[in-house]
Structure formats: C-alpha cells, structure tokens
Amino acid sequence: MTGSGEAGIGPARVRERFLHGESVEGGVRSLILRSWQRCRLLGLSPDQTELPYRQDLDLDGRLVRAAGPVLDRLESLFAGSRMNVSLADGNGAVLQRRFGEASMARNLPAIQSVPGFVFAEKFGGTNGIGLALAERRLCQVYGAEHFAERAKSNACSAIPVRDPLSGRIEGVLCFGYPRTDADPELNVVIRKAAAAIERRLLEQSSARERSLLRAYLDSGRRAQTGGPTGDGRLIGVDELARSGLDRRDQTILEEKATELISAAQRAAVEVPLSRGRRVTLLSRPVTSPSGVEGVVIEAALHSDSPLQYLVAPAHAGEPPVLAAHGATLATPPHGHLPGAVRSLFATPAGTTDGTDGTAVGVSPGLLLVGEPGVGKYAVAARRRLELLSEASTRIGTTLDVTRTAEELAEMAVPRLADFVTIDLPQAVLRGEESTDPRSDLCRTVVHGIRDDCPFYPVGERVDFLPTTPYLQCLTNRESVLEPDLKAAARWLSQDPERAERLLALGVHSLIAVPLLARGVVLGIANFYRSQDPAPYGDDDRSLAQELATRAAICIDNARRYTREHTMVLALQRSLLPRGLPEQSAVEVAHRYLPAASGVGGDWFDVIPLSGARVALVVGDVVGHGMHAAATMGRLRTAVHNFSELDLAPDELLTHLDNLVGRLDREEGSEEYSGNTGIIGATCLYAVYDPTSQRCTLARAGHPPPAVARPDGTVTFPDLPAGPPLGLGGLPFETAELHLPEGSRLVLYSDGLIEDRRRDIDTALDQLRHALAHQDRSPEDTCRAVVDAVVPDHLVDDVTLLVARTRALPPDRIATWDLPADPARVGEMRAAATRRLSEWGLDEVAFAAELLLSELITNAIRYGTEPIQVRLIHDRNLICEVSDASSTAPHLRHAATTDEGGRGLFLVAQLAQAWGTRYTARGKVIWAECALEASGQIPDISGIYSEDFPGIE
C-alpha cells in the first residue's frame, strides 16, 4: 500500500505520533507529511466535521459543460461499484457528484453526497481535492492519511483539470472509494478522464484560437509528419512537467515559447534546462483560412537528454495522443480497462468530438499557439505576474519590520531593480506611528547587485531636501519616476558628490514609491536601474507601486505586532514579581524569557507563609498576547489570595480550578467578537517548611519539577499529574518530598523542554546534566539551564524558578506539649520567657507572654487535646498554638458589658500578623512579633485581666 509507513508502522500509528508532536520523518509519504504540517499550522482539528458550503456555484459553467459527458461515461463505467466521482472547481467547491451505486446518494452524509461543500485543504485538511490543489498534480490519499477522523475509512485519487491554453487549474476530478478497492489502474483512468475534460475545455476556446489550431493541424497533415527527424521527438509541456521538470524549468520553456511567438518567424532554439537537460523549441508561422496569422511552438526532446528515460513511451501499435495542453498519453494494454474507456480517452488526433463534426484533436508536440502581436507584451506581463505572485509568498514571512523591508528589496533585485534602498522612520521601527515620516527617516535597507554602491549606509539618519523626488513622494503620497537621473536636477541636488559616484557606476533611472498602508505613510522605497539600458517606464512604476503596496501592508502588520508585543511584554513584566520577598526558607533565582512569536501567560511567584514556610509557584496560561498576559495577572493575584488562607496545595489548586472555570464561562458568554475564553491553564504549587525540611507539592497539568540534591543526584519526582485548570470536577493530589538542606528545587514551564526540533527526553537529559553540578548557586544554575536547555528559537515562553533549600537550626525552635489545664498557663509562660532570654529576645518577652496567654487559653477553653506550643526564632518571632479542634477563633469587638471576647483583639494589636492554619490533625493559631518594633507595646488599658488567667 502506497500509504504505509516504514518499519511496518502504518499511517494510523504515524498519524497518531504526528498529532502528539512526535517526529514522523520517513514514516509517511512526503506530500502527506507536508499536508499534515500545513493543517497543523492552519489550526485544523482532526475531529472537525464542518466544511464551508457555497450556494453561489456556477453549475452551468464551462468546466461543468466540458466535464458532463465524461462524468456520464465514468458513472456508466463504475456502475455497481462503491465509487464516488466528484468534480470540484479551482477553489475546492464540489460542482458535480456521480455514484457507482445510486443508493450511495441516499445513504452517504450530505458532506459526501451533496454538491457545494468546499474541500480545500485549509478547510477539510488532507484530502484528495485539497491535496491535488495544493500539490498541483495527481495525488492519492489512503485511510489514515486523511487529516480528518471522518475520512479515515476511505481512499481517494484526485487530479487537477487545467485550461489547455493558459495552464491554469480550472478544477479537480476526484475518485473516492473504500480502501479495499484501491487499484493502480484507477490512476490511468483518472488521468485519461482529466485529459478528456481538458480536450473539451480546449474546444470551448475562442474562434481565433481554434482557427489557429486548425491551421496547425492541417499543415501537419500536409507535411505527413508527426515531428522532426533526427535525434529528437516531439513532446508536450505536461509530459515534460510529469517527467521531473521543476517549476523554474517549465517557466523558462513557456517564456522562451512566448518570445518566439513575438518574433513571428520560423526558428529553432535550444533551451538548456537544469541538470544538463536540453529541449529544442521549434516555431513556425501559420495562417488560418480566415486570415488569422499566428505562430505555433513545438518542443523536441534530445535523445541524449537525461530527461529521456523519464518519459513513459507509447505502447507499440498505439500512437501517442496529445491531450489538452500537449500532454502525450500512452493507452494501456488491452484488457486492463473496458473498451468503452479506451474509446473515450484515446480519441486519435484529427477525429471529431461528436458535437459539431469539427476536428479538434491536437498532434503530438504542440507547446504553445498564439498571435505575434501580443507575444512581447505577454512576456513582460508574465514576468510581472510571476514577480507579484512570488512576492505574495516571500514578503511578510516574519513579523519583524526590518526583515520585511529586506524581503521587499530581495524580491525586487534583480528582476525589477539593480539596487533598492528603503527608509523608515524610527517610530515605525519601534512599532509606533510616525507623526512626520519626512523628518524622522532612517536608512533601513540597502540591497543590490553589488555591495560598493555609495548609498547612505544602513542605520544612518536621512534628511531629504524639499526639492528631491524622495520628499515629493512622501509629501504627495504618490510614486515618482525619474527616467534619466543625469537630467534630474532635483535628485542631483540632494548630494551632488554622491550622485556623481552613482552615475559613474551606471545608475541611470529611479522610481521612488511611498510605503502607504491603511492611510499611514510608513516610509519610502527607492528602486534604481543600472544594467538595463532602457529607462524605467510607467509599467515599471506600476509594478514597483504594487510591490511596495503589498510590502507596506506587511510592514504595517509587523509594526502593529511590534507595538502590541511591546505593550504585552510591559504588561506581563508589570504583573510578574518585581522583587522577591524576604524569607529564610529558600534562596531563589529566576528567569523569564518571552517567546519570539509573542508574549505568553507564564508566571512564577515566591510567597512567604506562616510558620517560616514558603510557597513556590509556576503557572502557564495557554495562548499569547494581551489576553493571556491579563489572565495570568488575574490568576497570580488569585494564588496570592488563596495562599493567605494557608490552604494545602491540593485545596488551593481546587479553588484555582473553580476560578478558571468561572472566568472561562464568563468570557465565553461575552458577545463581542474574537473572545474565545481562557482555553486553559496549568500550575505547580509547592510549600516548603524549613523546620521539617519537607516539601508538599501538587500540580494541575504542569510539568513536574526537578530536584538536585546536595550529593549531585538529579531526579524528576513522579508527582500525580492532575488535570489542567478549568476542567472542573476532578481532584488534585499532593506529594511530599524530603529535601535536605542545600537541595535545589527547579520549577519551570513547558516552554523550557518542549520544542518541535527536539525530543522531550533529550531536553530532560540536558536539564539533568545542567543541574548535576553540586556547588552552583541558584543564579548560576539559572544561567547554566538557560545556556544548555532553552531552544534557540522560542515558540513558547520559558519560566524558570530555582530554589535552594535552607533548614532552620533546631536550637531556634522550641516546642512544648501542654495538657488542657488552665493552671499550667503560668508555667508555660515562664518556660517561654526563659527560652526568649536564651535567644536574646528579652525585649519581646512581655508581648510574647500576652500573645501566648491568649492563644493557650483559647486552646484550653475551646480546643481539644493534644495541645502543643511552638516558638520559632526566624526573621520574626513566631508563636504557634495547635490543638485537635477544627474550630477557628474570630476577631470581634466586645460590648462594654461583655466579660470576655477581648483576647483576640489584643493579639491583633500586639502581633504583626496572625491567623489560622488547618492541618490533618486539627488547626494551628499563629502570631508573629516583629523583632525590630517589639519595644512598642500598645495601650491595653480597659481590657479585663480575667481574659488572661495567671496574669497579675
């Protein structure tokens, strides 16, 4: 089977690997892989079932009229089979359908049975019609080679149908059939069917063209020869194309043929092609009976040409038949196709077509026919059209302003100009609109056939005089033609010395064109001619203006992108942490690298928590641009808020998941155009406790972290993956790691390890090697990872957060277990005072006594055993009282007559911060005393002493 992959891997498996981002080079036919890649770039989904439907089709056009009898014969030929024959126009819209079994029209879905659906590749993915239009040749697609899931059970063959005279693709003929019915003979049938349609298109040519063709055929019969004698044989241009000629060689032949027509005389010209091939073009005048004078061009292939063996010879006893545009087809041996098919497609030259009795067959060797009066204009027009067509694909390949301007210059040299200079305002280069492009110009591009021409160098500011054609062009917003620079005083006045040097090098003609897009002048492009002695004319100016207009649109797109990129980058950087908070748990370094194609939604954070702990966060919002950056800011704020509640990592991600789902629903319900919601986000949330050296982590669709331990070992912990944020309804799980002091915890976004040109396992190995050095600081680690792992061309943002763990010394932690006995509060207070004295914190002893008394009393009165008291000497003094109850105290203002309820008010006055943290065994009430402000004790008069047992 043509579509099977190598090493026994079928297209279905190869397609699955491709859709998962794996490399499948060599596993599928190159034209199928190219089509898949185009589908991916177009953003197509294999699941999509909808195709555009057109009702404005011309169902009685020349293509339908030409194809009608051929489709009738095909329907008869395939009667009783599961064959679906379709005819589409040049845009991929189906015009006609015929079926081998009539029941198929009733049983197949509308998309496969009703005309009007558009199967162009940009809508339908890899399919016969779309691929034939994209590749411009006969193509087959088998089963899983289709990009869409709905077509995996089918196979198809499709071939373009061309206008025989212009060579333009008018439509596509496609055979669809079950995979099990694939037969190589179908390719022969579809070629001959397309050739028959093309012959009928030729019959619809104008009376002048037909009279010239008839005169050519009559002269051939009188000469009683089918071609030249000697070492060559006549062939057609389509046969040359099928024999391996690339587009450039075909263009050379067509251009030379057009030039011979314009000469209007008998001639023979040998045309050298690529790879040593040679073709002789023969031209001879011909006059129709009605007096129309023209020239026919025939192609003779040299027997020693490397092309010779590529041409399929005609079978013995069956003369080759020129189909349409000169294609020589060989009829297959008898018995391979029904006789009716042979008689349909192998009509000898000179026979009638059965319509008007006129002989319309074309003899072998015809390459081109035309009138000499239009030949020279056709040559110039063809070259202009080809230049504009190529410019549409070669200009604007990037969203970089300078590079787009360079592409315009490269496109114009040497086919339109010998030198091109382009000047853009500095504001445009920054992505802004220039208030006055005449006074802010900078030489941006200088390109030509040589490098030593004395133009203003790139990067130099250019100030044009008011009299110059350049400033006239910018002021009037119209192109300016200077056919003779020697007599152009306005041009000479700009810089006489430099002008003389240019004239000495042969520069003699100029076209200055404004780069105008959407009513805004973006700069000026100047085209100079030196080698061609003919000066520029109006046609050249029109061509230069058309090129500059197309380029200006691309430059403006790049400018707008530059402005938006700068704004989004500024927004995102303002939303990312500007500085890291003070904390003692970890030493941190970070990197953020925006993607080349646009700023994304990556973020990171370091959030101090109660009990000397710290939260480390890395997240990624899917997408790029302003929306992704703004969403990132909202999620980062939400993580901060949820962290204030001291939630466990899995609980925090659950709240964040609900928030993302709600935001997505809200934005999806907006009626304004272009808003598609958040789409999705990922997050990794880790909490490290320096008192126990334990790290608790949970992730939502995010890559797991890397852990580099002090002994040099690097691991990637297998954390529970968790779904991406926004799906809702699915739980998150936590994992706990022991991180010895000096371990490096490395969090990153997927942009660090995912790259189309590199396997993910390779990226992880590179990351492992970069982290293997034991003594690197977090900053040095960031630098090493960026150098070793970050792709050269970033298609996605990269966020990197490296945290080296610290451990709080045991002698700075004091812990007491306390029974639920109010009489023990005084002993507890005394023990705490002694420990504070040992730590040299006598100045905070009074405030700590008050805090501990209230917290312990509340735990005894309202909590449940076991009760534990802990003091932590960190940047602040942390007082913690834990118990087994899940009931949290609430701050309130007590009435004058209340006997209690003032204790937490005092805690709030004395503590820098306080709160509640829930654990698996209950809760912890904590309060922090700021050491630097500990001497400032608030006024506590009026608070009753009965709220604090044991205090005199």
Side-chain angles (χ1 to χ4, degrees), residues 584 610-612 690-692 808-885 888-889 891 899-917 919 921-952:
S584 303
S610 63
T691 65
S692 62
L808 199 64
D811 59 0
R812 303 190 71 167
I813 305 172
T815 305
W816 298 273
D817 292 322
L818 187 68
D821 182 2
R824 302 291 297 275
V825 175
E827 298 177 12
M828 184 67 256
R829 187 174 62 251
T833 302
R834 288 193 297 271
R835 181 55 62 94
L836 292 176
S837 179
E838 294 173 5
W839 288 343
L841 301 179
D842 296 299
E843 68 277 9
V844 301
F846 180 71
E849 283 186 71
L850 294 179
L851 288 173
L852 285 174
S853 294
E854 171 57 24
L855 298 181
I856 295 171
T857 301
N858 276 341
I860 292 174
R861 285 182 178 178
Y862 309 112
T864 305
E865 292 187 283
I867 299 173
Q868 188 179 77
V869 178
R870 185 168 73 158
L871 294 180
I872 302 174
H873 182 195
D874 191 36
R875 294 176 179 269
N876 298 320
L877 176 64
I878 303 171
C879 305
E880 295 183 347
V881 177
S882 62
D883 65 81
S885 170
L891 181 65
E899 296 184 358
R902 298 171 179 80
L904 286 180
F905 181 76
L906 178 61
V907 170
Q909 295 296 309
L910 291 174
Q912 177 177 268
W914 75 279
T916 304
R917 166 171 92 247
T919 67
R921 296 183 298 272
K923 68 176 183 296
V924 176
I925 309 298
W926 57 270
E928 293 184 3
C929 286
L931 300 181
E932 63 276 9
S934 57
Q936 301 177 4
I937 304 299
D939 182 12
I940 59 173
S941 59
I943 299 180
Y944 302 136
S945 62
E946 55 261 45
D947 283 338
F948 307 98
I951 297 182
E952 297 293 334

Novice: Measure the CZ-CZ distance between Arg829 and Arg834 for me, rounded to the nearest 0.5 Å.
Specialist: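 If we round to the nearest 0.5 Å, Arg829:CZ and Arg834:CZ are 11.5 Å apart.
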Novice: Backbone N or O of Ser882 within a donor-acceptor pair of the Trp926 side chain at under 3.5 Å?
Specialist: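 Judged by distance alone, no pair lies under 3.5 Å.
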Novice: State, yes or no, whether a side-chain contact exists between Val907 and Ile925 at a heavy-atom distance under 4.5 Å.
Specialist: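 Sidechains of Ile925 and Val907: no contact.
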Novice: My understanding is that only residues two or more places apart in sequence, or in another chain, count here; which of them pass side-chain hydrogen bond (donor to acceptor under 3.5 Å, both in side chains) with Glu865?
Specialist: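 For Glu865 there are no side-chain hydrogen bond (donor to acceptor under 3.5 Å, both in side chains) partners, ignoring immediate neighbours.
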Novice: Does a side-chain heavy-atom distance below 4.5 Å link Trp816 with Arg835?
Specialist: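 SC-SC contact between Trp816 and Arg835 confirmed.
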Novice: With a 3.5 Å distance limit and no angle check, can you tell me whether Ser837 reaches the backbone of Thr833 through a side-chain donor-acceptor pair?
Specialist: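 Not confirmed, Ser837 side chain does not pair with Thr833 backbone.
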Novice: The criterion is side-chain hydrogen bond (donor to acceptor under 3.5 Å, both in side chains); which residues satisfy it with Arg917, sequence neighbours excluded?
Specialist: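 side-chain hydrogen bond (donor to acceptor under 3.5 Å, both in side chains) check on Arg917 returns Ser610, Glu880.
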Novice: Starting at CD1 of Ile867, measure out to CZ of Arg824 and round the result to the nearest 0.5 Å.
Specialist: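 Going from CD1 on Ile867 over to CZ on Arg824, the span is 11.0 Å.
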Novice: What is the minimum heavy-atom distance between Leu855 and Ala927, and which atoms define it?
Specialist: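 For Leu855 versus Ala927, the nearest heavy atoms are CD1-CB, 4.4 Å.
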Novice: Taking all heavy atoms of Ala859 and all of Asp883, pick out the closest pair and write down the distance.
Specialist: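 It is CB-OD2, 4.1 Å.
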Novice: I need the Glu854 CD to Cys879 SG distance, nearest 0.5 Å.
Specialist: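 Here the rounded value is 12.5 Å.
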Novice: Can you confirm whether Trp839 sits close enough to Leu877 that some side-chain heavy atom of one is under 4.5 Å from a side-chain heavy atom of the other?
Specialist: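 With C-beta onward as the side chain, the pair touches.
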Novice: Considering non-hydrogen atoms only, spot the tightest contact between Ala845 and Leu836 and give its length.
Specialist: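 The pair with the smallest heavy-atom distance is CA-CD1, 3.8 Å.
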Novice: How long is the straight-line distance from CG of Leu931 back to CG of Asp874, given to the nearest 0.5 Å?
Specialist: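 Nearest 0.5 Å value for the CG-CG distance: 9.0 Å.
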Novice: Determine whether Arg870 and Thr691 make a side-chain contact, defined as any pair of heavy atoms from C-beta on separated by less than 4.5 Å.
Specialist: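 Heavy-atom side-chain distance check passes, below 4.5 Å.
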Novice: Under the side chain to side chain contact (heavy atoms under 4.5 Å, CB included) criterion, do Val881 and Asn858 qualify, and how do the steps go?
Specialist: CA-CA 9 Å; Val881 177; Asn858 276 341; over 6 Å; no
Novice: Atom CG in Leu841, atom CG in Leu871: separation rounded to 0.5 Å?
Specialist: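 So the CG of Leu841 and the CG of Leu871 are separated by 9.5 Å.
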Novice: Counting heavy atoms not belonging to Arg812, are there more than 12 under 6.0 Å from its CZ?
Specialist: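 Atom CZ in Arg812 is crowded, with more than 12 foreign heavy atoms closer than 6.0 Å.
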Novice: Could you tell me which residues satisfy side-chain hydrogen bond (donor to acceptor under 3.5 Å, both in side chains) with Ser692, sequence neighbours excluded, listed by chain and number?
Specialist: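 Partners of Ser692 under the side-chain hydrogen bond (donor to acceptor under 3.5 Å, both in side chains) test: none.
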Novice: Atom CG in Leu851, atom CG in Leu910: separation rounded to 0.5 Å?
Specialist: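 The CG atom of Leu910 is 5.0 Å from CG of Leu851, to the nearest 0.5 Å.
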